[in-house]
Asks: 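One structure follows; several queries about it will come next.
First the proteins, then the strands, lettered A, B, ... as listed; each starts at 1.
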Amino acid sequence: MPLSPACRGCPEKNEKEHGRCVPPLNRLCGGMRLSRYFLPILRETPKEAEIASHRLMLRAGMIRQEAAGIYAWLPLGFRVLKKIEQIVREEQDRAGAVELLMPTLQLADLWRESGRYDAYGPEMLRIKDRHERELLYGPTNEEMITEIFRAAIRSYRDLPRNLYHIQWKFRDEQRPRFGVMRGREFLMKDAYSFDVDEAAARLSYNKMFVAYLRTFARMGLKAIPMRAETGPIGGDLSHEFLILAETGESGVFCDKGVLDLPIPDEGVDYDGDLSSIIRQWTHLYAATQDVHDEVRFEREVPPERRLQTRGIEVGQIFYFGTKYSAPMNAVVAGSDGVERPIHGGSYGVGVSRLVGATIEAFHDDAGIKWPEPVAPFRVMILNLKQGAADTDAACEQLYAALAAKGMDTLYHDLDERPGAKFATADLIGVPWQILVGPRGLAEGKVEVKRRADGTRDLMSPADALARLTA
RNA sequence: CGGAGUGUGGCUCAGCCUGGUAGAGCACCUCGUUCGGGACGAGGGGGUCGCAGGUUCAAAUCCUGCCACUCCGACCA
């Protein structure tokens with residue numbers, strides 16, 4: 001795949017790897033002038049927003065609510081969504097999963113094969129087309145992927161496989177809330193593994209387990225795998241991945257030791273033995289309220305290491321055996337020539353929810369503090385005296401130089417007062433701000449401010465460039 | 001789905017009880033003065049008061065029904 005010119009030199013990753021970028025990400029590399037952007041900032045907090053991430057996403061012009069639990073993603077929010085999506089994609093690919101795209105609408109008849117059309121309940125949005133054919137807006141895709149898979153695969157030699165897509169889902173929640181954290185329409189990565197038997201399926205499960213550890217860590221999040229109930233999807237092996245946050249929906253109990261476990265590096269051999277990593281991450285106590293065992297907790301975890309808090313679920317993995325393959329007749333011939341149902345697993349990541357969850361983890365009173373890997377822009381240039389020859393020239397030079405390096409840069413070139421620009425920059429949470437004002441330029445200096453901790457350093461524009469493109 | 005609320009300009013709200021020419025702050029437009037942490041002055045534009053009925057000479061306001069949205073709880077791959 002040829003490199004997009006805009007991608008050349010992008011600091012996201014080396015150029016060789018960049019050839020794998022899907023087109024939407026290519027567009028994220030480079031610069032943007034605020035005067036040509038669409039960033040509808042709100043000065044006051046909309047009254048419906050109770051929690052920080054919802055409030056800040058509305059104020060920062062990332063989303064706009066169109067109906068209960070249904071949001072339009074405005075340009076700034078869309079950038080973050082795409083960056084998170086891309087990290088998820090890269091780690092799925094690395095773990096050997098193969099991307100495809102299934103439709104949002106599905107035939108009811110397909111769901112009758114598994115028996116879930118009647119079992120699912122009012123959470124499923126049901127639709128009829130002009131021929132009175134019953135359709136549904138997919139809340140998940142086990143049936144469809146099983147249908148796709150069974151049509152093509154005949155032999156155990158074709159296994160294992162893991163297919164995934166990143167697609168919008170709809171679940172008609174009784175009470176949507178917390179903005180994109182619990183919307184009715186949401187973007188989810190869902191992967192589905194197919195194996196010849198349970199032992200093989202567990203190997204597939206372990207790959208996704210490790211991929212998830214890496215995925216959330218790359219976003220700057222500390223996600224902890226916890227034993228989980230399997231819920232309506234069914235099955236007998238499942239972990240939820242939660243990031244710790246006081247505003248989380250789930251109560252969690254764990255051994256503090258899990259907070260310091262090492263994340264597998266990108267050279268991890270997915271075809272090798274992952275069991276030691278899984279053991280390391282599962283032998284310490286960690287459970288959500290639903291499956292919490294207080295007696296075991298007190299027996300296994302010393303008092304000083306007991307942690308009781310709340311968390312936000314950002315992923316869940318299941319092994320469910322032949323739950324779908326048996327009723328839907330998805331079978332392969334074994335080495336003995338006998339056909340048997342394949343053993344399946346499914347693996348979800350809440351992509352749109354992660355946007356809100358990240359803000360819950362990284363914000364202060366002034367606004368969002370994006371971790372660099374998912375920030376909508378990496379650098380923001382603030383021209384503190386728009387229209388003055390020296391500040392304009394210095395900003396244009398910085399902007400051109402950063403864009404040439406493929407750096408995501410937002411140039412605040414509106415004719416606003418410095419205070420307003422500071423407030424906007426802090427609100428939208430771009431990790432690095434370059435403050436260019438007459439005061440500093442008199443000494444040939446600009447100020448580089450790091451949003452995460454508020455530290456500022458005066459330096460020459462050349463040094464600022466070197467520091468931010470290092 | 002139970003309970004509690006709210007719908008008035010892009011945002012936050014007042015006005016409703018006690019019916020009588022639709023308001024404020026912020027935002028927006030023009031001009032001027034400003035300019036390192038959300039400036040100031042003057043002038044200006046923008047609203048079928050959620051929808052539909054009803055009562056009345058007259059309804060944002062009173063009555064009835066509906067719709068939407070929010071919060072608490074239950075629910076939540």
Side-chain angles (χ1 to χ4, degrees), chain A residues 40-51 54-55 58-59 61 64-71 114 116 119-124 138-143 169-179 181-184 186 188-192 228-235 238-241 248-250 288-290 312-320 323-324 345-350 353 365-367 382-388 391 412 414-427 433-443 445-447 449 454 456 458:
Chain A
I41 299 270
L42 301 179
R43 257 181 90 152
E44 292 179 77
T45 302
K47 62 180 172 186
E48 71 269 21
E50 289 293 313
I51 65 167
H54 190 197
R55 190 171 70 235
L58 290 167
R59 287 201 54 215
R64 177 168 175 80
Q65 181 170 334
E66 295 297 336
I70 299 177
Y71 293 86
S114 70
R116 282 209 295 179
Y120 213 90
E123 259 199 1
M124 178 185 283
T140 178
N141 286 65
E142 280 83 3
E143 283 81 358
K169 306 292 190 293
F170 195 93
R171 292 182 196 170
D172 201 356
E173 300 273 354
Q174 288 174 11
R175 191 184 161 209
R177 58 180 131 179
F178 305 143
M181 299 263 285
R182 189 164 163 198
R184 292 193 292 172
F186 57 97
M188 181 166 90
K189 184 284 298 183
D190 41 325
Y192 303 91
E229 287 184 328
T230 51
I233 277 191
S238 178
H239 285 88
E240 290 181 338
F241 288 72
E249 290 195 80
S250 318
T288 59
Q289 198 144 31
D290 298 338
I312 301 168
E313 186 194 334
V314 291
Q316 184 160 11
I317 58 179
F318 297 90
Y319 162 67
F320 50 66
K323 180 179 169 74
Y324 300 97
S346 70
Y347 314 90
V349 170
R353 169 178 283 192
D365 290 344
L382 307 191
N383 187 341
L384 300 185
K385 189 157 185 176
Q386 202 74 41
T391 54
H412 196 325
L414 300 179
D415 186 17
E416 286 181 5
R417 296 167 63 82
K421 293 196 178 187
F422 295 142
T424 295
D426 287 349
L427 174 62
Q433 300 171 13
I434 306 180
L435 316 185
V436 181
R439 208 157 81 190
L441 281 186
E443 304 167 30
K445 301 275 179 68
V446 297
E447 200 167 2
K449 175 181 165 183
R456 306 148 170 252
L458 269 176

Asks: Flag the pair A:Arg182 and A:Glu249 as a salt bridge only when some basic side-chain nitrogen lies within less than 4.0 angstrom of an acidic carboxylate oxygen.
Replies: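 Yes, A:Arg182 and A:Glu249 are salt-bridged.
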Asks: May I ask you to say what A:Gln433 touches in the nucleic acid, namely base, sugar-phosphate or nothing, with a heavy-atom cut-off under 4.0 Å?
Replies: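 No contact.
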Asks: Testing A:Glu123, A:Lys169, A:Arg116, A:Met124 one by one against A:Pro139 for a side chain to side chain contact (heavy atoms under 4.5 Å, CB included), which residue passes?
Replies: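 Per the side chain to side chain contact (heavy atoms under 4.5 Å, CB included) rule, the option paired with A:Pro139 is A:Met124, out of A:Glu123, A:Lys169, A:Arg116, A:Met124.
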Asks: For B:G36, which nucleotide in any strand shown is its Watson-Crick or wobble partner with both distances under 3.5 Å?
Replies: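 None - no nucleotide pairs with B:G36, as no candidate has both distances under 3.5 Å.
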Asks: Rounding to an integer number of angstrom, what distance separates B:C49 and B:G5 when you compare their P atoms?
Replies: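 Taking atom P in both B:C49 and B:G5, they lie 25 Å apart.
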Asks: Which one, B:C71, B:U12, B:C69, comes nearest to the side chain of A:Glu50?
Replies: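 Between B:C71, B:U12, B:C69, the one nearest the side chain of A:Glu50 would be B:C71.
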Asks: Considering every strand shown, what is the Watson-Crick or G-U wobble mate of B:G20 when both distances are under 3.5 Å?
Replies: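 Result: B:C57.
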Asks: Side chain of A:Arg456, heavy atoms from C-beta onward: which of B:C69, B:G37, B:A74 has the nearest atom to it?
Replies: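 So the nucleotide nearest the side chain must be B:G37.
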Asks: Which is more 5' along RNA chain B, the nucleotide nearest A:Gly350 or the one nearest A:Ala49? Just name the residue.
Replies: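 Here A:Ala49 is the residue nearer the 5' end.
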Asks: For A:Arg353, answer base if it contacts any base atom (sugar-phosphate contacts may also be present), sugar-phosphate if it contacts only those atoms, and nothing otherwise; contact means non-hydrogen atoms under 4.0 Å.
Replies: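 The residue A:Arg353 makes no contact with any strand.
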Asks: Which whole-number value in Å describes the distance from A:Leu384 CG to B:G38 C1'?
Replies: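 Between C1' of B:G38 and CG of A:Leu384: 14 Å.
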Asks: Please state the P separation for the pair B:G44 and B:G25 - nearest whole angstrom.
Replies: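 Looking at atom P only, B:G44 and B:G25 are 14 Å apart.
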Asks: Can you tell me the base-pairing partner of B:A14? Count Watson-Crick or G-U wobble geometry only, both distances below 3.5 Å, and say none if there is no partner.
Replies: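 Matched B:A14 with nothing under the 3.5 Å cut-off.
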Asks: At under 4.0 Å between heavy atoms, what does A:Asp190 touch on the DNA or RNA strands: base, sugar-phosphate, or nothing?
Replies: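 A:Asp190: no heavy atom of the nucleic acid under 4.0 Å.
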Asks: Tell me the interatomic distance from A:Glu416, atom CD, to B:G37, atom P, rounded to whole angstroms.
Replies: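 Result: 15 Å.
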Asks: How far, in whole Å, is B:U61 from B:C16 if one measures between their C1' atoms?
Replies: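 Roughly 4 Å separates the two C1' atoms.
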Asks: Does B:A42 have a Watson-Crick or wobble partner in any strand here, with both distances under 3.5 angstrom, and which is it?
Replies: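 WC or wobble partner is B:U30.
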Asks: Please find the pair of heavy atoms, one from A:Ile312 and one from A:Gly248, that lie closest to each other, and give the distance.
Replies: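 A:Ile312 and A:Gly248 have their closest heavy atoms at CG1-CA, 3.6 Å.
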Asks: Rounded to whole angstrom units, what separation is found between the CD atom of A:Gln174 and the P atom of B:C72?
Replies: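 Distance, rounded to whole Å: 15 Å.
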Asks: Measure CG/A:Asp415 against P/B:U30 and give the value in whole Å, please.
Replies: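 Going from CG in A:Asp415 over to P in B:U30 covers 11 Å.
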Asks: Is there a donor and acceptor pair closer than 3.5 Å between the side chain of A:Lys449 and the base of B:G36?
Replies: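 Not at all, since no donor on one side and acceptor on the other fall under 3.5 Å apart.
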Asks: Could you pick out which residue, A:Gly419 or A:Arg64, lies toward the 5' side of RNA chain B when each is mapped onto its nearest nucleotide?
Replies: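 Result: A:Arg64.
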Asks: Checking all strands, does A:Leu435 fall into the base, sugar-phosphate, or nothing category for heavy-atom contacts under 4.0 angstrom?
Replies: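 Base, at least one base heavy atom under 4.0 Å.
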Asks: Applying a 4.0 Å non-hydrogen cut-off, can you work out what A:Gly437 is touching in the nucleic acid: base, sugar-phosphate, or nothing?
Replies: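 Here A:Gly437 touches the bases of the nucleic acid.
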Asks: Have a look at A:Lys47 and say if it touches a base, only the backbone sugar-phosphate, or nothing, with a 4.0 Å heavy-atom cut-off.
Replies: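 Counting heavy atoms under 4.0 Å across all strands, the contact made by A:Lys47 is with sugar-phosphate only.
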Asks: For A:Arg177 and B:C76, give me the distance from atom CZ to atom C1', rounded to whole Å.
Replies: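 Computing the A:Arg177:CZ to B:C76:C1' distance gives 9 Å.
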Asks: So what's B:U70 paired with, Watson-Crick or G-U wobble, going by both distances under 3.5 Å?
Replies: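 With both distances under 3.5 Å, B:U70 matches B:A4.
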Asks: In whole Å, measure the gap between the C1' atoms of B:U8 and B:A42 for me.
Replies: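 28 Å, rounded to whole Å.
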Asks: Check if the side chain of A:Glu44 and the base of B:G25 share a donor-acceptor pair of N or O atoms closer than 3.5 Å.
Replies: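 Side chain to base: pair present.
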Asks: In whole Å, what is the span from the CD1 atom of A:Ile312 to the C1' atom of B:C76?
Replies: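 Taking CD1 of A:Ile312 and C1' of B:C76, I get 15 Å after rounding.
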Asks: Find the distance between OG1 (A:Thr45) and CD (A:Glu50) and round it off to the nearest 0.5 Å.
Replies: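 Rounded to the nearest 0.5 Å, the OG1-CD separation comes to 10.5 Å.
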Asks: Assess the side chains of A:Ser250 and A:Gln289: does a donor N or O sit below 3.5 Å from an acceptor N or O?
Replies: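 Absent: no donor and acceptor within the cut-off.
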Asks: Could you check whether A:Thr424 gets within reach of a base, just the sugar-phosphate, or nothing at all, counting any heavy atom under 4.0 Å?
Replies: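 The residue A:Thr424 makes base contact.
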Asks: Measuring from A:Asp190:CG to A:Gln316:CD, what's the distance to the nearest 0.5 Å?
Replies: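 Atom-to-atom, A:Asp190:CG and A:Gln316:CD are 13.0 Å apart.
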Asks: With respect to the phosphate group of B:A27, does any side-chain polar atom (N or O) of A:Arg43 fall under 4.0 Å of OP1 or OP2?
Replies: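 For B:A27, OP1/OP2 do have a side-chain N/O of A:Arg43 under 4.0 Å.
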Asks: State the pairing partner of B:U64; accept Watson-Crick or G-U wobble contacts with both distances under 3.5 Å, and report none otherwise.
Replies: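 Base partner found: B:A52.
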Asks: Between B:U12 atom P and A:Leu58 atom CG, what is the distance in whole Å?
Replies: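 Rounded to the whole Å, the gap is 10 Å.
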Asks: Taking atom C1' in both B:G7 and B:G20, compute the distance separating them and give it to the nearest angstrom.
Replies: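 Those two atoms are separated by 24 Å.
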Asks: Which whole number of Å gives the distance between the C1' atom of B:C67 and that of B:C57?
Replies: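 To the nearest whole Å, 31 Å.
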Asks: How far does the C1' atom of B:C66 sit from the matching atom of B:C72, given to the nearest Å?
Replies: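 Roughly 25 Å separates the two C1' atoms.
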Asks: So, OP1 or OP2 of B:C76: does either fall under 4.0 Å of a side-chain N or O from A:Arg184?
Replies: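 A:Arg184 to B:C76 OP1/OP2: no side-chain N or O under 4.0 Å.
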Asks: What are the two closest heavy atoms between A:Ala67 and A:Arg184, and how far apart are they?
Replies: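 Nearest heavy atoms, A:Ala67 then A:Arg184: CB-NH2, 4.4 Å.
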Asks: Can you tell me which nucleotide in B:C11, B:U70, B:G37 comes closest to the side chain of A:Pro46?
Replies: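 The nucleotide sitting nearest to the side chain is B:C11.
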Asks: Atom NE2 of A:His54 and atom P of B:C69: how far apart are they, to the nearest Å?
Replies: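 One finds 13 Å between P of B:C69 and NE2 of A:His54, rounded.
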Asks: Using the P atom as the point on both nucleotides, what is the distance between B:G45 and B:G53, in whole Å?
Replies: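 It works out to 32 Å between them.
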Asks: Output yes when at least one side-chain N/O atom of A:Arg175 is less than 4.0 Å from OP1 or OP2 of B:C72, else no.
Replies: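 Yes, because at least one side-chain N or O of A:Arg175 sits under 4.0 Å from OP1 or OP2 of B:C72.
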Asks: Of all the heavy-atom pairs spanning A:His54 and A:Ala49, show the shortest one and how long it is.
Replies: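 Scanning both residues, the minimum pair turns out to be ND1-CA, 3.6 Å.
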Asks: Let's see if you can work this out: which of B:C71, B:U70, B:G36 has an atom nearest to the side-chain heavy atoms of A:Gln65?
Replies: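 Nearest listed nucleotide: B:U70.
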Asks: Taking 4.0 Å as the cut-off, does a side-chain nitrogen or oxygen of A:Arg417 come that near to OP1 or OP2 on B:A39?
Replies: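 Result: yes.
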